[in-house]
Amino acid sequence: MTLQQEIVGNAMQMAVVNLNPGQTVYCEAGKFLFKTTNVTMETRLSGPSGSGGQQGGGSGGMGGMLRQAMGTAMQVGQRMLAGESLAFQYFTAQGGQGTVGFAGVLPGEMRALELDGRRAWFAEKDAFVAAESSVEFGIAFAGGRTGMSGGEGFVLEKFTGHGTVIIAGAGNFIDLNPADFGGRIEVDTGCVVAFEEGIQYGVQRVGGLNRQGIMNAVFGGEGLSLATLEGNGRVILQSLTIESLANALKKAQGGDKQGPTGGLFSTHAG
């Protein structure tokens, strides 16, 4: 069943979700805003993948409880390594329709993605806001070489199953398909919000170790790497990166007195 939701607002959007009786939606801890009184709220360490969104109730005796505990521990361990929230909050409407509100943590857009069970979606860390309980949440690793060189590309959130998942990002969104641009696009590593399964994600060095490559890295503001997205599928990019927002706030507070080349030759005395 598709989640009945409406995304409202402009600079800081929020998602208002209408639940049918017995329907459950879950969110990452810290993304909840409000709910009607007939919607119950429960915080769990277990996600909807593996042991499922519902508590096992001890089915299968001691062996079943042990398997469930081990599955939960693995999920929590993955999220801890990824720097994600350790818990999820589950909301279920009781005795009638209910309403729940969610939001991201940065000024920007939100997007509802519909999963049909055929293609998974991958998103950058912290993009997940909420999903119905039929959507499974997992952690994917882009690979040591890609992740270490790309910074933000190492840990990805993965969504599978059927139903609606809501994600959020910073600034405004743009939807692209690399197939419309010769099969490949290159973007700032912090601009990637989400992409469909089938898109190949990687990281490449900006230029070579020559004069122009060093100029790009030092003065261009992109660092040493760019994210590459290849294939035929939907890609969502954001116009504001967390790094640029943090630098703007530092500058406004007078705490980051940088020279013309940025942080590399900062004049901040500490």
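What's counted below: heavy atoms across the whole structure, side chains too, no hydrogens, waters or symmetry copies.
Residues C191 and T241 come closest through the heavy atom pair SG-CG2, 3.8 Å. In terms of heavy-atom proximity, T228 sits nearest to E186 at CG2-CG, 4.2 Å. When every heavy atom of A168 is checked against every heavy atom of M110, the shortest pair comes out as CB-CG, 4.0 Å. Summarising the geometry of L19 relative to A93, their closest heavy-atom pair is CB-CB, 3.8 Å, with the distance given to 0.1 Å. Minimum interatomic distance between A87 and T43 (heavy atoms only, all atoms of both residues): CB-CG2, 3.8 Å.
Contacts classified as salt bridge (charged side-chain N to carboxylate O under 4.0 Å, His left out) and involving residues 95-105 (residues at least two apart or in different chains) are not found. For the salt bridge (charged side-chain N to carboxylate O under 4.0 Å, His left out) condition, the pairs that include at least one residue of residues 93-111, sequence neighbours left out, are E109-R111, R111-D175. For residues 91-107, there are no salt bridge (charged side-chain N to carboxylate O under 4.0 Å, His left out) pairs, not counting sequence neighbours.
Both V100 and I7 are part of a single hydrophobic cluster, where members link through side-chain heavy atoms under 4.5 Å apart.
To the nearest 0.5 Å, atom CG of residue N10 and atom CG of residue N172 are 9.5 Å apart. How far CD1 of I236 is from CG of L113: 5.0 Å, rounded to the nearest 0.5 Å. Taking CD1 of I139 as the start and CD of E157 as the end, the distance is 6.0 Å to the nearest 0.5 Å. Between T92 atom OG1 and K35 atom NZ the span is 10.5 Å, to the nearest 0.5 Å. To the nearest 0.5 angstrom, L3 atom CG is 8.5 Å from N18 atom CG.
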*Passes side-chain hydrogen bond (donor to acceptor under 3.5 Å, both in side chains), Q89 versus E42? Steps please.*
CA-CA 6 Å; Q89 292 177 301; E42 183 181 1; over 6 Å; no

*Go through T36 and T99 one step at a time and tell me if the side-chain hydrogen bond (donor to acceptor under 3.5 Å, both in side chains) criterion holds.*
CA-CA 6 Å; T36 53; T99 302; 5.0 Å; no

*Decide side-chain hydrogen bond (donor to acceptor under 3.5 Å, both in side chains) for N20 and Q97; before the verdict, give the C-alpha distance in whole Å, the side-chain angles of both, and the deciding distance to 0.1 Å.*
CA-CA 5 Å; N20 292 319; Q97 289 190 330; 3.1 Å; yes

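We find that E230 and R184 are joined by a salt bridge, their nearest charged nitrogen and carboxylate oxygen being less than 4.0 Å apart. Ion pairing between E196 and R234 fails under the 4.0 Å rule for side-chain N and carboxylate O.
A donor-acceptor pair under 3.5 Å is absent between the side-chain atoms of Q5 and the main chain of V17, judged by distance alone. A donor-acceptor pair under 3.5 Å links the side-chain atoms of S134 to the main chain of H162, judged by distance alone.
Residues satisfying the ring-ring contact (aromatic ring centres under 6.0 Å, His included) test with F122, not counting sequence neighbours, are F195. Residues passing the ring-ring contact (aromatic ring centres under 6.0 Å, His included) test with F102 are F91, sequence neighbours excluded. With sequence neighbours excluded, the residues forming a salt bridge (Lys or Arg N to Asp or Glu O under 4.0 Å) with D116 are R118, listed by chain and number.
Between Y26 and F128, the ring centre distance stays below 6.0 Å.
The side-chain heavy atoms of L226 and V203, taken from C-beta on, include no pair separated by under 4.5 Å.
Annotation: K158, atom NZ; neighbour count of heavy atoms from other residues, nucleotides and ligands within 6.0 Å does not exceed 12.
Side-chain contact, T164 with E114: a donor N or O sits under 3.5 Å from an acceptor N or O.
If you run side chain to side chain contact (heavy atoms under 4.5 Å, CB included) between W121 and each of L115, I167, L156, only L115 comes through.
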